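Scroll down for the structure; my scribbles are underneath it.
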Amino acid sequence: MRRPVPIEALIMDLIRDKGDMWFNDLMQALRAWYPDVTEKEVLMALMRLELSRLIIVQKVVRKDGATYHIRVVKD
């Protein structure tokens, strides 16, 4: 879906401000901007950012299930 501010730009701003984020916190922050954002759309944006070597996404398995930890790549 076409959005005024791209999801990738929002993700980068949020992660740069916080340093690192959990996927659930990221989804909650993105839904404040775009209530109709889907998990698939966010995962695709994360993949594009990771392939561009701007962020690192790590899958973490917890007792309550698997989730992702996202952080900015250090220069």
Side-chain angles (χ1 to χ4, degrees):
M1 170 176 257
R2 187 100 171 118
R3 302 192 184 275
V5 177
I7 297 273
E8 290 88 350
L10 283 176
I11 290 171
M12 286 306 298
D13 286 343
L14 289 167
I15 295 174
R16 281 190 184 127
D17 287 345
K18 305 255 185 204
D20 65 330
M21 290 185 88
W22 291 99
F23 183 74
N24 295 337
D25 298 333
L26 179 64
M27 283 297 295
Q28 186 176 10
L30 291 173
R31 285 202 172 120
W33 282 84
Y34 299 122
D36 62 337
V37 71
T38 64
E39 191 172 304
K40 180 180 178 181
E41 191 177 3
V42 174
L43 289 172
M44 291 293 288
L46 288 173
M47 183 179 67
R48 285 191 291 271
L49 290 169
E50 190 171 26
L51 289 173
S52 299
R53 298 177 188 228
L54 298 173
I55 63 171
I56 296 172
V57 180
Q58 292 177 306
K59 185 175 184 178
V60 179
V61 179
R62 298 190 203 169
K63 291 179 185 176
D64 57 344
T67 189
Y68 299 100
H69 184 255
I70 304 123
R71 60 187 169 98
V72 177
V73 172
K74 304 287 185 211
D75 291 332

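One is the number of the first residue; the rest follow in order along the sequence. In this text the structure is predicted, and so the values were computed from the model without any measurement.
At most 12 heavy atoms of other shown residues, nucleotides or ligands fall within 6.0 angstrom of atom CE in Met44. Atom CD of Glu50 has more than 12 heavy atoms from other residues, nucleotides or ligands within 6.0 Å. In this structure, Arg62 places its CZ atom where more than 12 heavy-atom neighbours from other residues, nucleotides or ligands lie under 6.0 Å away. For OH of Tyr34, the number of neighbouring non-hydrogen atoms (other residues, nucleotides, ligands) closer than 6.0 Å is greater than 12.
Taking both residues in full, the closest heavy atoms of Asp20 and Arg71 are given as CB-CB, 3.8 Å, listed atom of the first, atom of the second, then distance. Contact between Ile70 and Trp22 at its shortest, heavy atoms only, is CD1-C, 4.3 Å. In terms of heavy atoms, Ala66 sits closest to Lys59 at CB-CE, 3.7 Å.
Evaluated for a side chain to side chain contact (heavy atoms under 4.5 Å, CB included) with Leu49, the options Val73, Val57, Ile55 yield exactly one hit, Ile55.
In the hydrophobic cluster analysis, where Ile, Leu, Val, Met, Phe, Trp and Tyr join through side-chain heavy atoms closer than 4.5 angstrom, Leu30 is grouped together with Leu43. In the hydrophobic cluster analysis, where Ile, Leu, Val, Met, Phe, Trp and Tyr join through side-chain heavy atoms closer than 4.5 angstrom, Trp33 is grouped together with Leu26. Tracing side-chain contacts under 4.5 Å through hydrophobic residues (I, L, V, M, F, W, Y), one reaches Val5 starting from Leu46; they form part of the same cluster. Under the 4.5 Å side-chain heavy-atom criterion for Ile, Leu, Val, Met, Phe, Trp and Tyr, Val60 and Phe23 are members of distinct hydrophobic clusters.
Asp25 is not listed as a side-chain neighbour of Leu14, based on a closest heavy-atom distance of 4.5 Å or more.
Here the CG-CE distance, from Asp17 to Met12, works out to 10.5 Å after rounding to the nearest 0.5 Å. To the nearest 0.5 Å, the span separating CE on Met21 from CD1 on Ile11 amounts to 9.5 Å.
Evaluation of the side chain to side chain contact (heavy atoms under 4.5 Å, CB included) rule for Val72 yields Ile15, Arg16 as partners, not counting sequence neighbours. Applying the side chain to side chain donor-acceptor pair (under 3.5 Å) rule to Asp13 yields no partners; only residues at least two apart in sequence or on another chain are considered.
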